[in-house]
Amino acid sequence: LMKKFLLGVCCSVLSLSAVAQSWQATNLTSVTYLPIACVESHNGDLYATYTNGFNYGMYKLNANQTSWSPVTSNITIAVRDVCSAGSRMYLNSLNSGIYSMIYYSYDNGANVIVDTAGLPQGGGGTTIITSLQYWHGKVIANAGGSGYFIKDTTQAKWKQIDVATKMNGGADPMTVLNDTLYAFDNTGANAFYKSSDWGTSWTQGNANLPADFNANRLSGDPQTGRLYMSGVWSQSTIAGIFYTDNQGASWTQLDMSAYLNKNANNTLQLV
């Protein structure tokens, strides 16, 4: 019962239930047994990156749907994230946990162009970038303790999002749903925010969330407009999911308490 319930939650949050009627193995383990860092579809093909400590590699699923080929590129440090952005493929690389570089490519990663203007510098490149998102011409980079940065694919420079609420990309989740940015500021006022102008201005909408709510993930369903947020509250003794159908004006708890136990370290399981 627990597995069936959690699978239902995951399908709702990831909007997979409407399209995933059945699953087919892609045999990625035939080329790597290492943890998968990123899976992304671009120009009708599927790409995956794997991680081995601070070493990353990138593969492309072949037309037979059951084998993979390594992607060779002129990138000098290992690819960590792949982000499909219209005609561009954005790539984030990591050099031994010291610095990152962001590139874009028009030929599926074979040749890349550096795209780091406006990002904080450090260690020989940019500060470490932990993830990339794309929505309707906008690319968003999570720069950890340096916050979030955004750019239009046609613009030359990145700009920082939300200096006012001091959001921390390493601890504060953000998502995009129907051309609106949503974020939860754990490191400041424990507050939920939304922005309809791509981070230039923000409005707060905590409503009936617990006063000490701490969010770890935001995810939206573009078909229904529903937004989900998981986290902990009550001095981190309760974990679960809230959802909203009105952009955060009010929230409903999806109670997970009956399905969460202690983990291997005898501490609270999180969603």
Side-chain angles (χ1 to χ4, degrees), residues 5-23 36-48 61 81-92 104 129-142 148-155 161-162 167 169 172-185 191-209 213 215-231 240-254 256 271:
F5 179 84
L6 292 178
L7 178 60
V9 172
C10 290
C11 287
S12 296
V13 174
L14 298 176
S15 303
L16 292 176
S17 58
V19 296
Q21 301 303 317
S22 62
W23 293 87
I36 304 303
C38 172
V39 177
E40 180 77 336
S41 175
H42 179 68
N43 288 341
D45 291 311
L46 193 65
Y47 295 83
L61 183 65
D81 299 299
V82 182
C83 181
S84 182
S87 61
R88 294 183 179 186
M89 170 190 280
Y90 269 80
L91 302 162
N92 170 34
Y104 64 84
I129 306 298
T130 62
S131 68
L132 298 171
Q133 296 183 60
Y134 172 77
W135 186 264
H136 285 194
K138 308 287 185 181
V139 185
I140 301 170
N142 181 337
Y148 285 93
F149 290 78
I150 192 170
K151 75 183 294 288
D152 191 286
T153 54
T154 61
Q155 294 175 331
I161 297 174
D162 192 35
M167 286 196 306
D172 299 334
M174 177 182 289
T175 194
V176 184
L177 178 62
N178 298 333
D179 290 325
T180 300
L181 284 176
Y182 296 94
F184 195 89
D185 181 15
F192 173 81
Y193 293 91
K194 65 179 180 178
S195 172
S196 58
D197 55 14
W198 299 104
T200 300
S201 60
W202 294 80
T203 57
Q204 184 176 339
N206 261 40
N208 56 325
L209 286 172
F213 187 81
N216 56 33
R217 183 67 60 88
L218 271 167
S219 181
D221 184 339
Q223 294 183 341
T224 65
R226 176 170 287 185
L227 191 73
Y228 297 85
M229 185 160 55
S230 62
I241 297 174
F242 285 82
Y243 67 86
T244 177
D245 292 318
N246 52 22
Q247 296 187 306
S250 61
W251 295 83
T252 301
Q253 183 182 350
L254 184 61
M256 301 286 293
V271 180

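One-based numbering along the sequence shown.
The shortest side-chain heavy-atom distance between W251 and L227 falls under the 4.5 Å cut-off.
Applying the side chain to side chain contact (heavy atoms under 4.5 Å, CB included) rule to T180 yields the partners Y182, K194, Q247; only residues at least two apart in sequence or on another chain are considered. Under the rule for a side chain to side chain donor-acceptor pair (under 3.5 Å), E40 has no partner lying at least two apart in sequence or in another chain. In this view, S250 and N208, N246 satisfy the side chain to side chain contact (heavy atoms under 4.5 Å, CB included) rule, not counting sequence neighbours. For D245, the salt bridge (Lys or Arg N to Asp or Glu O under 4.0 Å) test picks out R226, with sequence neighbours left out. Scanning for side chain to side chain donor-acceptor pair (under 3.5 Å) contacts around N216 gives S230, with sequence neighbours left out. The ring-ring contact (aromatic ring centres under 6.0 Å, His included) check on Y90 picks up Y104, with sequence neighbours excluded. For K138, the salt bridge (Lys or Arg N to Asp or Glu O under 4.0 Å) partners two or more places apart in sequence, or in a different chain, are D152. Qualifying side chain to side chain donor-acceptor pair (under 3.5 Å) partners for W198, counting only residues two or more places apart in sequence or in other chains: none. Partners of T153 under the side chain to side chain donor-acceptor pair (under 3.5 Å) rule, at least two apart in sequence or in another chain, do not exist in this structure. D81 meets the side chain to side chain contact (heavy atoms under 4.5 Å, CB included) test with C38, N92; sequence neighbours excluded. Listed by chain and residue number, nothing satisfies the ring-ring contact (aromatic ring centres under 6.0 Å, His included) test with Y243 (two or more places apart in sequence, or in another chain).
Summarising the geometry of M167 relative to A183, their closest heavy-atom pair is SD-CB, 3.2 Å, with the distance given to 0.1 Å. What you find for C83 and Y134 is that their closest heavy atoms are SG-CB, 3.6 Å. In terms of heavy-atom proximity, K151 sits nearest to R88 at NZ-NH1, 4.3 Å. Scanning all heavy atoms of the two residues, the minimum distance from A141 to I129 falls at CB-CG2, 4.1 Å. Across all non-hydrogen atoms, the minimal contact from S84 to S41 is CB-O, 3.2 Å. Minimum heavy-atom separation, P222 to W135: CB-CH2, 4.3 Å.
Going from atom CG of D185 over to atom CD of Q204 covers 9.0 Å, rounded to the nearest 0.5 Å. If you take CD1 on I140 and CD1 on I161, they are separated by 5.0 Å, rounding to the nearest 0.5 Å. Rounded to the nearest 0.5 angstrom, Y47 OH and L61 CG are separated by 10.0 Å. With rounding to the nearest 0.5 Å, the separation of CD1 in I150 from CD in Q155 is 8.5 Å. Note that CG of L218 and CZ of F192 are 6.5 Å apart. Values are rounded to the nearest 0.5 Å.
Side chain of Y148 to backbone of D172: a donor-acceptor contact under 3.5 angstrom is found.
Other residues, nucleotides and ligands contribute only 12 or fewer heavy atoms inside 6.0 Å of the CZ atom of R217.
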Worked verdict on Q133 versus V176 for side-chain contact (heavy atoms from CB on, under 4.5 Å): CA-CA 8 Å; Q133 296 183 60; V176 184; 4.2 Å; yes

Test log, rule side-chain contact (heavy atoms from CB on, under 4.5 Å), inputs M174 and N142: CA-CA 9 Å; M174 177 182 289; N142 181 337; over 6 Å; no

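Every pair tested for salt bridge (charged side-chain N to carboxylate O under 4.0 Å, His left out) that includes a residue from residues 195-207 fails, sequence neighbours excluded, so the list is empty.
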